[in-house]
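Taking it in order: structure first as structure tokens, then the write-up.
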Amino acid sequence: MNLNINLKAENTYDAIVVGSGISGGWAAKELTEKGLKVLMLERGMNIEHIKDYDGAMKNPWDVKHAGRLTEEMKRTHPVQKRDYPYNEVTEKWWVNDLECPYTEVKRFDWYRGFHVGGKSLMWGRQSYRFGDVNFEENSKDGYGNDWPIRYKDLAPWYDYTEKFAGISGQNEGLEGILPDGQFLPPMDLNIVEKSVKESIKQKWGNERLLTIGRVANLTVPHNGRGNCQYRNLCSRGCPFGAYFSTQSSTLPAAVETGNLTLRPYSIVNHIIYDKDTKKAKGVAVIDALTNKTMEFYAKIVFVNGSTLGTTFILLNSTSDEHPNGLGNGSGQLGHNLMDHHFRCGANGEFEGFEKFYTYGRRANGFYIPRFRNVGSDKRDYLRGFGYQGSASRQNWQSDVAELAFGADFKQKMTTPGPWKMGMGGFGEMLPYYENRAYIDHSKKDKWGQSVLAIDCEYKENEKKMRQDMMNDAAEMLEAAGAKNIKTYDNDCYPGMAIHEMGTARMGKDPKTSVLNEWNQMHEVKNVFVTDGACMPSIGCQNPSLTFMALTARAADFAVKELKKGNL
Amino acid sequence: MDRRSALRNVAILLGTAISAGTTDILFSSYTLPESEKNAVNFSAEQLKALTEIADVIIPTTKSSPGAKAAGVGKFIPMMVRDCYPAKQQQSFYNGLAAFEARAKKTYKKSFALIPLVERKKMLTTLRQETLDQKTNKIPEKADLTYFFTVVRDLTSLGYFASEIGCTQAREYLMIPGRYDGAYPLKPGQKSWAT
């Protein structure tokens, strides 16, 4: 190979960040702010803040198919079409499944957004800290390996990331289960939610609690960004910058340092290992537009390609020294894949609030923190679940006779009807070694790369938990006086919660884990993984805030080590 | 530098600029399934019939104009051609043709040209047949009843997504700016469009 020395210098940075989503954006911000020259690689297109939010200001009548998927969309997105996030307005932000196939050994819904900002543009924005219960449970019940850190290690980094990102919420004093944070003023519960909150308090005292969701939407202007306008169109991109995304928050901060280079359309195929230094020397990239390959070099590499994207890159980074994937001496890389299980709960109708309606569209709901298997509670399954939901006033569609039409039908569809509340559980899944992703060389993507095969399923513990997820919801609705209570289990497959995690877990022991307590590879010290792949367990909380805190903490450590000459 | 202009100045490297040891990767070929778009074409007479059917399903009332004024007559055929597999497009088309044939047989005229009271009567009959079809499952009525289910669904979808549906039949706030979870219901309050 002809190596041009000048070109090599041009392609060399202090740090490379692979991926530009929630954790990649944070890595770029932290590393550039600490003075490192950073190259952030993103496999998809660029999306410029505000300017490229094509759908953000569309009215319902500007959306050609009224939100339905066309046959063409279904054809090119056979996986993405399985659930609601893939829609007409943000179509371009979801991966073309035909170009980027994978193998489903068992059904696994893999939602992917390949563009600058990644899923930070379309995420649900619910932001909860993990508590000590979550950090300790693996060691207590023996599933998975022990977290190498505890809540106290991460708490200051939660403070730090919340303050910058802007999380609105209510402190409730639930240390251990759902720690308080540095919140902007909370959004309001509506009148029915307040009533249910009160009923739950009366019946369960301190054991169960309904609180407003903690959400990365600004309730007041923050760091030069505008506050939420209550449009509830967040996933189209916010023209007010009112929710946390790479574009609204971490990217401008990184750019402001003058230390960031962002390269879209750069698919990282593998990390280049240097057997002499026993470190990574850079990454090999395929240009997504031209199919040319190229190399970039750096002293440290942060891998933030999303849990499974990162896993692919690491597994695909083989060498004589790392024949089973980079830093995979433990054999754990790709294993212990987890996702939350949900789509299961109850709903009911409320009377007595007919004089009230809502104004504005709150991009948030309520949260009921975990109450099972904590304190003195003991169930016939391990771990627990939290609830998310909301109350809202429907039209009279429930009163419309089947297939009815005409003036009466129209009247019912345009008049405020009954108040309804739904609450759905988000349950923890245990880490199982056999739930895994591995490289399938029999299939290639558009760029000739092998693909991932995913072999993952929920097991008995999750199934048992779902009974409680339905029954406890119904019980709380009943205590609050709801009518027509119905439980539901709409079936759930791994991947659907888009909270996939666990395939390059942290741990104290290099024999049983991929990363140490600093998200640093045990075996390749200048490689850090701070996306969902690092998680030894997943709690029942939405995880992105934890990725942010872990990333900021790891970046701080990495720069200190670099300055000490250890990397 | 403020954040927005900082963002505009972001250094973005594109394309061919840099490559140390460039090699091409073979473009592996993959085949795409056939597109199923636009499997059927509607005649002018059929388009008129669809418009009038929609306007019976959601008529003009005191509160607001109906489906015809809201443009649902164009929305339905566009949706059928874009959003349904070829087989279902054909079934819808056959059902509409059968329905038109029924109008012509009974009234010697296209559905669009018969009096409103007769249009309502025809659709009331078709609704009942569609309900009955669930248990009867008469093969000859499969297309006709499928047609009714879809045309009613698309009328409702298209109308309540239309500007008239959102801003006149319902009330629409593009940028509410705040949230009130105990907003007093006004007399004659319409549902929010979104």
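For clarity, every value in this text was computed on a predicted model and none was experimentally measured. The chains referred to below are lettered A, B, ... by the order of the sequence lines, with proteins before strands, and numbering in each begins at 1.
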Assert top hit (heavy-atom pairs under 4.5 Å, partner chain B, pool A/Val192, A/Leu403, A/Val285) equals A/Leu403

Quick check on the 6.0 Å ring-centre criterion: do A/Phe409 and A/Trp396 meet it?
no

Measure distances from B/Ser162 to the heavy atoms of chain A and classify the residue's part below 4.5 Å as side chain, backbone, both or neither.
backbone

Between A/Met73 and chain B, which part of the residue has a heavy atom less than 4.5 Å away: side chain, backbone, both or neither?
neither

Given heavy-atom pairs under 4.5 angstrom as the criterion, report whether the side chain, backbone, both or neither of B/Thr124 touches chain A.
both

What part of A/Ala401 is in contact with chain B, defined as an atom under 4.5 angstrom from a non-hydrogen atom: side chain, backbone, both or neither?
both

Whatever's closer than 4.5 Å to a heavy atom in chain A on B/Phe160 counts as side chain

Need one label for B/Arg178: side chain, backbone, both or neither, based on atoms under 4.5 Å from any heavy atom in chain A.
both

Which of A/Arg68, A/Met40, A/Glu193, A/Lys64 touches chain B most, by non-hydrogen pairs under 4.5 Å
A/Arg68

Any Lys/Arg nitrogen of A/Arg393 or A/Glu354 sitting under 4.0 Å from an Asp/Glu carboxylate oxygen of the other?
no

Test item: side-chain donor near acceptor, A/Ser392 and A/Gln394, under 3.5 Å
yes

Please work out whether the ring planes of B/Phe111 and B/Phe99 are parallel, tilted or perpendicular, with thresholds of 30° and 60°.
tilted

Using a cut-off of under 4.5 Å for heavy-atom pairs, which of A/Phe353, A/Phe240, A/Phe405, A/Tyr359 has the most such pairs with chain B?
A/Tyr359

Could you give the distance from OG1 (A/Thr76) to CG (A/Leu98), rounded to the nearest 0.5 Å?
6.0 Å

Between chain B and each of A/Lys355, A/Lys51, A/His65, A/Arg231, count heavy-atom pairs under 4.5 Å; write down the option with the most.
A/His65

Is it true that A/Arg263 and A/Glu42 have a side-chain N and a carboxylate O under 4.0 angstrom from each other?
no

Please determine, by modelled atom types, if B/Tyr146 and B/Gln88 share a side-chain donor-acceptor pair under 3.5 angstrom.
yes

Is a salt bridge present between B/Glu52 and B/Lys68, judged by a nitrogen-to-oxygen distance below 4.0 Å?
yes

Please state whether the side chain, the backbone, both or neither of B/Thr167 comes within less than 4.5 Å of a heavy atom of chain A.
side chain

Name the region of B/Lys134, side chain, backbone, both or neither, that has any atom closer than 4.5 Å to a heavy atom of chain A.
side chain

Determine, using ring centers only, whether A/Phe356 and B/Tyr183 are less than 6.0 Å apart.
no

I'd like to verify something: which residue of A/Ile191, A/Thr414, A/Thr219 has the highest number of heavy-atom pairs under 4.5 Å with chain B?
A/Thr414

Chain A contact via B/Ile164 - side chain, backbone, both or neither, heavy atoms under 4.5 Å
neither

Looking only at heavy atoms and a cut-off of under 4.5 Å, which of A/Gly406, A/Gly417, A/Gly258, A/Cys228 has the most pairs with chain B?
A/Gly406

Given the options B/Pro176, B/Pro184, B/Gly181, which has more heavy-atom pairs under 4.5 Å with chain A than any of the others?
B/Pro176

If we count only N and O atoms by modelled type, under 3.5 Å, do the side chains of B/Tyr84 and A/Glu71 hold a donor and an acceptor together?
no

Heavy-atom pairs under 4.5 Å with chain A are the metric here; pick the option from B/Val56, B/Leu157, B/Asp55 that has the most.
B/Leu157

